[in-house]
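Count residues from 1 along the sequence. Please read these numbers as outputs of a predicted model, since none were measured by experiment.
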Amino acid sequence: IEGADLRSRSEQNFVRTIRLEAPRGDIVDREGRILASTRPAYRVQVIPNELHGGDRTFHVLGQILGESPGELARRVGQPSGRQRFRPVVLRGDLSYERFVQVESHRYALPGVVTNIGPRRHYVEVDLAAHLLGTIGEVGMRQLALPQFSDYDAGEIVGQFGLESQLEAHLRGRAGGRNMVVDVAGREIELLDEIKPIPGGRVVLTLDLDLQRIAEEAFRSTDPEVPDHMGALVAIDPTNGEILALVSLPSYDPNSFAGGIDSQTWEQLLSDPWKPLRNRALSGEYAPGSTYKAVIAAAGLSEGGITREEEIFCPGYYRMGRRIYRCWKRGGHGDVAMDAALKNSCDVYFYTLGVRLGIDRIARYAKGFGFGRPTGIVLGAEKAGLIPTMEWKRRVKGEGWIKGETVSAAIGQGYNLVTPIQLAVAYAAIANGGRVLRPQLIKRLETWDQKVLEIFTPEERSRVPVSREIIEVVRDGLIAVVEGERGTGSRARVPGIVVAGKSGTTQVVSLAFVKDLEPEEIPVRYRDHALFAAFAPAMAPEIVVVALVEHAGAGGGKVAAPIVQKVLARYFEKHPRQPEVDETPVVLAQESLQASAEERRP
């Protein structure tokens with residue numbers, strides 16, 4: 001009876017191919033706790049080829065979505081060729097209420113498609129954001145590269161951090177569905193379907209508990225005082241595994257998951273404190289007095305000094321007509337190596353540095369891993385700078401000045417290191433001389449947790465000093481924290497012997513701020529504070545390095561308490577009995593210092 005009409009309608013039915021995106025693989029910490037996962041997101045898309053009466057469609061969608069119809073039309077554009085059949089996402093993460101509104105009007109909105117797709121979700125919001133990284137639509141330049149040959153425009157890829165470095169493993173494989181739809185775009189029948197395969201799972205070396213306590217330690221408890229900025233690295237010195245990696249200020253990677261809006265992106269780019277910058281890897285800072293451990297090792301190895309030799313510190317060091325001050329104006333008197341490390345005597349290390357010379361200092365510094373990238377899997381790592389005579393001639397076009405060695409010997413001058421380099425160097429002191437590649441990945445698994453690859457420790461080199469010399473330096477570092485009036489006493493952990501070294505680095509010349517009270521100095525001109533530590537001192541399990549930008553106070557005062565909180569949390573999770581052979585070491589340092597004081601004239 002209605003044959004002609006029904007035949008006409010059936011001829012207008014056609015098959016729509018729907019892409020089924022694969023969820024990205026989970027990223028979890030060493031205990032399996034999820035850091036990055038995938039959640040369902042309600043999406044509204046438009047297929048340009050099926051869009052009839054576009055003005056009316058965009059008007060209705062604009063009312064539901066709360067957007068300008070013109071803006072929606074601009075987003076769809078006027079694609080040609082194959083692009084006419086590709087869905088254009090108008091909203092990638094709708095609330096359930098608006099999703100239902102669109103669904104209820106779909107009979108009047110030809111070309112409009114709704115579905116539920118996977119969306120990246122960072123469970124801890126901005127925690128470890130620089131480590132995890134971000135995702136975004138593949139760019140046109142990326143599409144021209146061989147590794148993106150099987151990607152289509154509009155696909156989501158990792159852009160920074162682990163999301164980028166492990167893109168091939170995390171990506172997964174998309175599926176598809178062929179549906180018969182009628183002239184109004186309504187789905188009538190499922191013809192066939194290939195289910196998507198989720199991306200692989202990544203198990204990190206990171207300990208979520210330590211990451212949390214580390215980031216919390218930078219926060220201010222006073223609402224009138226802003227949070228600290230800076231970086232922290234915690235590493236296992238036995239195998240190079242990263243236990244915590246902090247860079248602050250941070251950002252919320254969830255903002256990138258569905259395509260970051262222009263306003264948020266502009267705020268991130270224009271922020272003067274650069275929240276997108278990974279300070280732990282690409283922040284280059286003078287190491288300050290944390291460098292003295294390397295100078296001490298170099299001096300002992302080269303015969304420039306012995307452990308027992310004393311150097312008199314009157315509070316200053318004279319070279320020609322130039323005076324270099326010690327941090328303690330009244331001086332430290334006669335000091336041997338243990339006391340020099342414990343009290344961070346500048347004059348002692350000025351003297352030792354001049355005896356060594358800048359090129360020998362550089363050779364040992366590079367032997368501890370400074371001046372080159374550590375090789376961590378994350379991108380955008382800086383190499384830092386360890387100056388030499390040849391470097392200055394090549395870069396500055398000038399000869400080396402002997403007075404520059406004085407500054408270099410206490411970690412100032414041209415010296416630049418990254419927090420992760422400092423952690424690797426102190427891990428080498430802690431483990432007896434092995435310079436390890438930092439490891440962030442424990443293993444790679446399939447989505448259903450079948451192991452694909454296990455990562456093992458990698459030794460890159462050995463420090464150019466003997467184990468006996470390392471032990472002498474370690475004893476001095478113990479005195480820094482555990483000794484009476486040591487500059488690192490705020491890093492102490494009850495029941496655990498901690499070794500460490502504080503540091504303070506100038507941001508501007510002292511002459512620039514000499515007439516200002518500390519609170520009057522603009523934040524950007526205040527000193528940085530550093531502290532590097534490992535524990536238990538005689539059998540180290542963890543190294544922690546903290547750098548607080550523009551702290552305006554010494555590393556022992558500001559950075560050491562941050563390190564202490566991370567160490568305390570670690571040993572709360574891994575309780576142990578104090579080793580009986582550790583206490584005598586500390587007492588030996590006190591005895592050595594006392595005997596040195598008795599020999600003073």
Side-chain angles (χ1 to χ4, degrees), residues 210 213-219 228-235 237 243-248 279-280 283 285-296 327 341-346 349 368 370 410-412 415 417-430 473-474 476-483 485-493 496-507 526-537 540 542-571:
L210 296 189
I213 197 68
E215 297 201 16
E216 287 172 6
F218 278 81
R219 297 195 186 107
H228 289 308
M229 299 178 293
L232 181 143
V233 179
I235 188 171
L243 303 175
L245 194 145
V246 173
S247 179
L248 295 170
R279 286 161 161 79
Y285 310 88
S289 292
T290 60
Y291 203 55
K292 291 174 180 175
V294 175
I295 303 298
W327 71 267
L341 284 169
K342 172 187 171 184
N343 299 312
S344 202
C345 176
D346 291 331
F349 288 96
F368 276 85
F370 295 118
I410 62 165
Q412 301 283 358
N415 286 314
V417 306
T418 63
I420 195 162
Q421 285 176 337
L422 198 56
V424 168
Y426 269 74
I429 297 172
V473 174
R474 180 199 61 200
L477 298 178
I478 292 173
V480 170
V481 179
E482 304 294 344
R485 296 189 299 275
T487 56
S489 60
R490 297 189 186 199
R492 290 175 182 167
V493 178
I496 303 294
V497 176
V498 178
K501 188 73 191 77
S502 59
T504 305
T505 65
Q506 297 169 7
V507 176
R526 295 176 187 174
D527 294 345
H528 299 325
L530 300 94
F531 199 84
F534 55 86
I542 181 172
V543 172
V544 184
V545 169
L547 181 141
V548 184
E549 284 188 1
H550 309 293
K557 182 178 180 181
V558 180
I562 292 175
V563 170
Q564 193 277 341
K565 289 178 181 177
V566 177
L567 291 175
R569 184 70 182 97
Y570 176 86
F571 290 108

His528 side chain reached by His550 side chain, heavy atoms, under 4.5 Å: yes
Check side-chain hydrogen bond (donor to acceptor under 3.5 Å, both in side chains) between Glu215 and all other residues, then give those that pass, not counting sequence neighbours. Gln211
Note: Val481 and Ala491 closest approach over all heavy atoms is CG1-C, 4.1 Å
Any side-chain heavy atom of Ile429 sitting closer than 4.5 Å to one from Phe534? yes
Can you list everything that forms a side-chain hydrogen bond (donor to acceptor under 3.5 Å, both in side chains) with Ser344? Sequence neighbours excluded, please. Ser289, Lys292, Lys501
State which residues pass salt bridge (charged side-chain N to carboxylate O under 4.0 Å, His left out) with Arg569; sequence neighbours excluded, sorted by chain then number. Asp209, Glu572
Less than 4.5 Å apart, any side-chain heavy atom of Pro536 and any of Val497? no
Yes or no on side-chain contact (heavy atoms from CB on, under 4.5 Å) for Ile496 and Tyr570, after CA distance, side-chain angles and deciding distance? CA-CA 11 Å; Ile496 303 294; Tyr570 176 86; over 6 Å; no
Applying side-chain contact (heavy atoms from CB on, under 4.5 Å), name anything that partners Val544, two or more places apart in sequence or on another chain. Leu232, Ala234, Ile542, Val563, Val566, Leu567
Could you check Val233, Thr290, Ile235 and say which one makes a side chain to side chain contact (heavy atoms under 4.5 Å, CB included) with Tyr426? Thr290
Could you tell me the separation between the OG1 atom of Thr487 and the CG atom of Leu341, rounded to the nearest 0.5 Å? 9.0 Å
State, with a plain yes or no, whether a side-chain heavy atom of Lys565 is found less than 4.5 Å away from one of Glu216. no
Regarding Tyr291 and Gln412, is there a side-chain donor-to-acceptor distance under 3.5 Å anywhere? no
To the nearest 0.5 Å, what is the distance between OG (Ser247) and CD1 (Ile420)? 11.5 Å
Non-hydrogen side-chain atoms of Arg492 and Gln564 separated by less than 4.5 Å: no
For the student: nearest non-hydrogen atoms of Ala286 and Gly411, plus distance: CB-O, 3.3 Å
Residues that Thr504 engages under side-chain contact (heavy atoms from CB on, under 4.5 Å), provided they are two or more places apart: Asp527
Is the closest side-chain heavy-atom distance between Ile562 and Phe531 below 4.5 Å? no
Please output the side-chain donor-acceptor pairs of residues 552-560 that fall under 3.5 Å, not counting sequence neighbours, one pair per line with the distance.
none

Hey, are the side chains of Phe218 and Met229 touching, using non-hydrogen atoms and a 4.5 Å cut-off? no
About how many Å separate CG of Leu243 and CG of Leu210, when rounded to the nearest 0.5 Å? 6.0 Å
Which value, rounded to the nearest 0.5 Å, describes the distance between Thr418 atom OG1 and Phe370 atom CZ? 8.5 Å
side-chain contact (heavy atoms from CB on, under 4.5 Å), that's the test. Do Leu547 and Arg279 meet it? Break it down for me. CA-CA 9 Å; Leu547 181 141; Arg279 286 161 161 79; over 6 Å; no
Between the side chain of Glu482 and the main-chain N/O of Val498, is any donor-acceptor distance below 3.5 Å? yes
Provide the closest heavy-atom pair for Val545 versus Pro419 in the form atom of the first, atom of the second, distance. CG1-O, 4.0 Å
Leu245 and Ala280: which non-hydrogen atoms are nearest, and at how many Å? CD2-CB, 3.8 Å
